[in-house]
Amino acid sequence: MDIEAKYRMASLYVGDLHADVTEDLLFKKFSAAGPVLSIRICRDVVTRRSLGYAYVNFLQLADAQKALDTMNFDMMKGRSIRLMWSQRDAHLRKSGVGNVFIKNLDKSIDNKTLHEHFSAFGKILSSKVMSDDQGSKGYGFVHFQNQSAADRAIEEMNGKLFKDCRVFVGRFKSRKDREAELRSKASSAFTNVYIKNFGDHMDDERLKEVFSKYGNTLSVKVMTDSSGKSKGFGFVSFDSHEAAKKAVEEMNGKAINGQPIFVGRAQKKGERQAELKQMFEQMKKERIRGRQGVKLYIKNLDDTIDDEKLRKEFSSFGSISRVKVMQEEGQSKGFGLVCFSSSEEATKAMAEMNGRILGSKALNIALAQRHN
DNA sequence: TTTGAGCGG
């Protein structure tokens with residue numbers, strides 16, 4: 001076994017770090033568990049700001065185990081640190097296998113209590129009670145090493161009292177999955193229909209007349225301003241999902257008062273707001289990207305590569321707004337950045353140049369992480 | 001009410 005493989009086995013990942021936590025601070029803390037070979041706080045290559053996680057490499061596996069058992073969730077700079085075995089293979093983390101979501105947690109339940117309690121069902125990779133400065137947010141996550149442990153936890157704990165609260169325990173679903181699930185549930189049963197763009201000349205009677213042909217209506221309402229004038233949109237509530245569905249299918253895009261109307265499932269205010277917010281943020285992101293261009297981090301640069309040479313190598317992929325090889329005392333630090341004006345150019349450059357040998361070394365290219 | 005974030009040299 002080579003040295004690297006040996007110490008990798010005694011490596012802990014330390015997450016949720018306050019940006020002010022230093023290597024020195026970590027070294028002092030973890031040395032209490034046993035001799036520490038090295039510490040690495042991961043930092044932004046340009047700003048050197050902490051990315052909020054670090055590695056602690058012990059000489060002895062048993063010491064790493066001891067640290068994991070005794071120091072998880074300890075406070076550093078006012079934040080609870082989260083320890084895991086260093087696991088380079090992202091598969092388990094990304095796949096969500098074994099990940100459990102818990103809500104309606106009693107506010108007194110903290111990270112350690114949650115961890116201890118759920119340890120009864122199997123080995124835990126990572127767990128956390130979500131919190132803010134007010135304390136627990138009342139929900140959290142326990143990621144088990146395997147699905148069978150997760151299933152046991154769900155089976156045994158869902159709907160049970162934990163401290164003074166009856167908790168929900170279920171498989172973790174990503175926000176995207178969950179939203180899609182809610183949408184499909186809502187769209188398979190809706191009876192309320194939203195109609196817009198029918199202009200000023202519309203009243204309840206007329207709207208009812210138009211939509212009654214799809215089924216029984218329970219209520220029909222054209223929304224009006226204080227003077228009683230139509231706001232151009234309204235709602236029709238049917239007594240069956242079939243009628244509502246048919247109304248949407250047949251009336252969406254049809255012309256009323258000479259203009260095409262929109263007809264769709266009526267969303268709850270919060271749902272619509274969330275959708276708009278997401279759209280708005282997406283647009284904002286694209287605007288910012290359009291203005292700033294897309295930054296690529298170029299790592300593993302040969303020492304002989306300077307700004308000039310780097311620009312030359314990447315110029316064929318598009319217009320470059322900025323090139324920088326990081327230097328220290330006139331010496332290349334072995335990494336730099338290239339900023340393209342569009343994501344298409346950057347993507348192309350990355351696809352073609354990643355792994356390319358320049359000088360004596362193979363380029364390692366990554367998209368720049370975004371902050372704030 | 002509440003379905004994270006996260007892996008180097």
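Naming: A, B, ... by sequence-line order, numbering from 1 per chain.
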- Message: If I take atom CD1 in residue A:Ile81 and atom P in nucleotide B:dG6, what distance separates them, rounded to the nearest angstrom?
- Response: 16 Å
- Query: Where each residue is assigned the nucleotide of DNA chain B containing its nearest heavy atom, which of A:Leu105 and A:Asp89 is assigned the position nearer the 5′ end?
  - Reply: A:Leu105
- Query: Looking at B:dG8, B:dT3, B:dG6, which one has an atom nearest to any side-chain atom of A:Asn57?
  - Reply: B:dG8
- Item | Whole-Å distance separating the CG atom of A:Leu26 from the P atom of B:dG8 | 17 Å
- Is the backbone of A:Phe121 close enough, under 3.5 Å, to the side chain of A:Arg152 for a donor and an acceptor to pair up by distance? yes
- Query: Which nucleotide in the list B:dT3, B:dC7, B:dA5 gets nearest to the side chain of A:Asn99?
  - Reply: B:dA5
- Message: Check A:Asp24 with A:Lys28, please: is the shortest side-chain N to carboxylate O separation under 4.0 Å?
- Response: yes
- Tell me whether the guanidinium CZ or amine NZ of A:Lys103 lies under 6.0 angstrom from the six-membered ring centre of A:Tyr139 and within 45° of its axis. no
- Query: So which nucleotide from B:dT2, B:dT3, B:dC7 ends up closest to the side chain of A:Phe141?
  - Reply: B:dT3
- Under-4.0 Å side-chain N/O to phosphate OP1/OP2 contact, A:Arg175 with B:dT3: yes
- Message: Ring of A:Phe235, cation from A:Lys221 - is the NZ or CZ under 6.0 Å from the centre and inside 45° of the axis?
- Response: no
- Message: How many whole angstroms separate atom CG of A:Leu51 from atom P of B:dG6?
- Response: 9 Å
- Query: Rounded to whole angstrom units, what separation is found between the CG atom of A:Leu125 and the P atom of B:dA5?
  - Reply: 17 Å
- Query: What nucleotide among B:dT3, B:dG8, B:dA5 has an atom nearest to a side-chain atom of A:Phe101?
  - Reply: B:dT3
- Query: Taking for each residue the nucleotide of DNA chain B with the nearest heavy atom, is it A:Arg82 or A:Arg40 whose nucleotide lies nearer the 5' end?
  - Reply: A:Arg82
- Query: Between B:dG6, B:dT2, B:dG8, which one does the side chain of A:Arg93 approach most closely?
  - Reply: B:dG6
- Task: For A:Lys94 and B:dG4, give me the distance from atom NZ to atom P, rounded to whole Å.
- Result: 15 Å
- Separation of B:dT3 P from A:Tyr139 OH (nearest whole Å): 6 Å
- Task: Kindly indicate whether the side chain of A:Asp16 and the base of B:dG4 share any N or O donor-acceptor pair separated by less than 3.5 Å?
- Result: no
- B:dT3, B:dG4, B:dC7: which one has an atom nearest the side-chain heavy atoms of A:Met130? B:dG4
- Message: Can you tell me which nucleotide in B:dG4, B:dC7, B:dT3 comes closest to the side chain of A:Tyr53?
- Response: B:dC7
- Query: Just checking A:Asp177: base, sugar-phosphate only, or nothing, at a heavy-atom cut-off of under 4.0 Å?
  - Reply: nothing
- Sidechain N-carboxylate O distance under 4.0 Å for A:Lys312, A:Glu308: no
- Message: In whole Å, I'd like the distance from the CD atom of A:Gln87 to the P atom of B:dG8.
- Response: 12 Å
- Picking from B:dT3, B:dG8, B:dG6, the nucleotide nearest the side-chain atoms of A:Phe172 would be B:dT3
- Task: Pull up the glycosidic torsion of B:dG6 and say syn or anti, syn being anything within 90° of 0.
- Result: anti
- Task: Give the rounded distance in Å between these two atoms: CG of A:Asp106 and P of B:dT1.
- Result: 15 Å
- Looking at B:dC7, B:dT3, B:dT2, which one has an atom nearest to any side-chain atom of A:Phe168? B:dT3
- Query: Do A:Asp74 and A:Lys112 meet the salt-bridge criterion of a basic N to acidic O distance under 4.0 Å?
  - Reply: yes
- Per atom distances to the A:Tyr55 side chain, the nearest of B:dC7, B:dT3, B:dT2 is B:dC7
